[in-house]
Amino acid sequence: MLVLGISGLDRSMSVKQDMLPGLDRRERRLVQGLDSAAALVDENGVVAASAQERHDGVKGTGAFPADAIEACLRMAGAALDDVAQVAHGFRYEPSAAFERDAYARRWYAEVYRERVQLDVLREHYPEQDWDRKLVRVPHHLAHAASAYYLSGFTDATVLVADGMGESESTSVFAGRGAGLGLLRSHPISHSLGILYSVVTQYLGFVPGMDEYKVMGLAPYGDTGRYARAAGELARQVPGGRLLVPVLAHDRTPVERETHRGAIRRLEELFGPARHPEAPLDQRHMDIAAVLQHALERSLLHVLRTAAEDPQGGSRSLCMAGGVALNCTANGVIARSGLYDRVFVQPAAGDDGAALGAALWQMRQHAPAPPAAMTMPYWGEEFGEREIEEALSALGPGHTLVRLPEERLPAQVSALIGGGAVVAWHQGRMEFGPRALGNRSILADPRAPGMRARLNTLVKQREEFRPFAPAVTAEDAGEYFEMEPGRESMYRHMLFVTRVREKHREALPAITHVDGSARVQVVERPTAPRFWRLIRRFGDDFGVPVLLNTSFNLRGQPIVRTPREAVETYARSTLDALAIGDRLVTRDGAVRDGGHG
């Protein structure tokens, strides 16, 4: 049996543009239903998964994931006729909330209601019986299923936190066997996810996309400067309740669509909003710091209450929803002592709702849980023909060699140790926003100038943003602070921990200003080729750690195909490309900057 999950709300952006045509790009993105994706599961677990942005090139798109669906079916060798049900990660029903004003009525009529979803499906696949085949899964339930059913835990507390579901923004579930029971939910009016997005917008970044930049900026700030204003961002109320007072300043329909009322209140508290092109100063860093601190306190408040709930009480925690991509908060939660085991589903945002909707529906038919997931290598893999065709388009000035698998790590290690920045395109594409060793840009973590070079020349992004280290599982505890036995928790690059003090000076390119790092622990059985490369670099240069960032340039989704990999390499300043068993280098381009 096959179940296909989908996420996204195809008409969301166009309806908002039509309702409020004068909005800028950042205000337009304050909508639900972005990050559309498709995922295919069977009785044994995940067969394939892919985000639509990797196909149409529109980062964070909410367009109907037709290309992602076709990719999942290709990977499974199946047709849509072979799929028993299609599960959508939203389930809106009529309510008084949609009678509040003309905008709310239009949202329901043209975006949310079941008939709209059926119409969209019929536009793309008119031959299917969608009245029978479509199943709608409540949004937070889909998120919860995506984490709980892949965790390997037999029971767990499941925290879902994002901007909004149908009517909630933070939910706590109790997972028991195949069941997921709702313990508590918090309304959209007190949404931690919306709060973080609104402050992201206030700080001049793109909401729904750049929240991780605010997280990276926070360690540069001082939480004490705006301590008195922190209560306007989020308050923790006895009984596990949350208040987000700043959102109450969105009083009119237009303000609720744009959050201009909340932005105005933030300006009263902190001063003028930052223009996107203006420089970042200490004030902005301090605001990011107080926001991050408020988020962490609020999440711990919710989880402490859940831990005391007699219906909950599990010592295992699963997390999903966009807020669960906040690696710093995840690290705080993991170190809190509230839970013995913590699992975050790596596609925690709305792309993962496609995965969870499919898993939830499958569990209604297949009582046995899927195996605990390891790596989300659920995307497409490409063969010799695609690689050769892509490389044939390279112009002069490049050297191309074909290497046996056992020699490739040695050659790439030597390049990285000599100061080169190497693009790495191998195997099946990762699902989720993190490059986990199959679509990566790799560099020497020991090189003092490497972070600045990557930020400025390669990724063309803000200088303050840190890069992540990838380390072999056997050596992770030597270089990073993590409890023995919990190394696998870090395999998806979703927890911040501290670089051990004795190694910080030797690893400047991946050590953040506060001594932290967003670590990826790489295990040989689940990522053998990437593990061998890191291990070889350790043998060659004494440090089994690589700087690992996603294989894309500014504004571009992570590359999917060999053609995209070659084109991105060709128009960048990357020194080399390792794709399959081919290694491409620019003639004379390897820079002096390593420690070789």
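- Using modelled atom types and a 3.5 Å distance limit, the side chains of Ser171 and His186 yield no donor-acceptor pair.
- Here Glu380 pairs with Arg74 in a salt bridge; the nearest charged N to carboxylate O distance falls below 4.0 Å.
- Using modelled atom types and a 3.5 Å distance limit, the side chains of Glu296 and Asn326 yield no donor-acceptor pair.
- Between Glu255 and Arg251 there is no salt bridge, since no side-chain N of the basic residue sits under 4.0 Å from a carboxylate O of the acidic one.
- At distances below 3.5 Å, at least one donor-acceptor pair connects side-chain atoms of Ser36 with backbone N or O atoms of Thr61.
- For the 3.5 Å distance criterion, the side chains of Tyr112 and Glu166 fail to qualify, holding no donor opposite an acceptor.
- Looking only at side-chain heavy atoms (C-beta outward), Met493 and Asn548 come within less than 4.5 Å of each other.
- Asn438 contributes atom CG, which lies 7.5 Å from atom CD of Gln426 (distance to the nearest 0.5 angstrom).
- A salt bridge between Asp575 and Arg453 is present, with a side-chain N of the basic residue lying under 4.0 Å from a carboxylate O of the acidic one.
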Practice item. For the pair Val58 and Glu53, evaluate side chain to side chain contact (heavy atoms under 4.5 Å, CB included) and give the outcome as yes or no after the intermediate values. Key: CA-CA 5 Å; Val58 180; Glu53 70 169 18; 5.8 Å; no

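- Defined by atom type and a distance below 3.5 Å, a donor-acceptor pair is present between the side-chain atoms of Gln52 and Asp67.
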Exercise for review: Take Leu547 and Leu454 through the test side chain to side chain contact (heavy atoms under 4.5 Å, CB included) and record every step on the way to the result.
Suggested key: CA-CA 10 Å; Leu547 183 156; Leu454 283 169; 3.5 Å; yes

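- Under the 4.5 Å side-chain criterion, counting only non-hydrogen atoms from C-beta, His492 is not in contact with Met489.
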Point to revise | Steps toward side chain to side chain contact (heavy atoms under 4.5 Å, CB included) verdict (Tyr103, Leu20) | key: CA-CA 10 Å; Tyr103 292 147; Leu20 296 165; 3.3 Å; yes

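- The residues Arg260 and Glu27 are annotated as salt-bridged, a charged nitrogen and a carboxylate oxygen being separated by less than 4.0 angstrom.
- Remark: Arg106 engages Asp18 in a salt bridge, criterion side-chain N to carboxylate O under 4.0 Å.
- At a cut-off of 3.5 Å, with distance as the only test, no side-chain donor of Glu463 or Thr456 sits close to an acceptor on the other residue.
- For the pair Val246 and Leu195, the minimum side-chain heavy-atom distance is below 4.5 Å.
- Taking the six-membered ring for Trp and the full ring otherwise, Tyr92 and Phe98 have centroids separated by under 6.0 Å.
- Using modelled atom types, one finds a donor on one side chain and an acceptor on the other under 3.5 Å when comparing His425 with Arg439.
- Ring to ring, His512 and Phe464 are not that close: their centroids are 6.0 angstrom or more apart.
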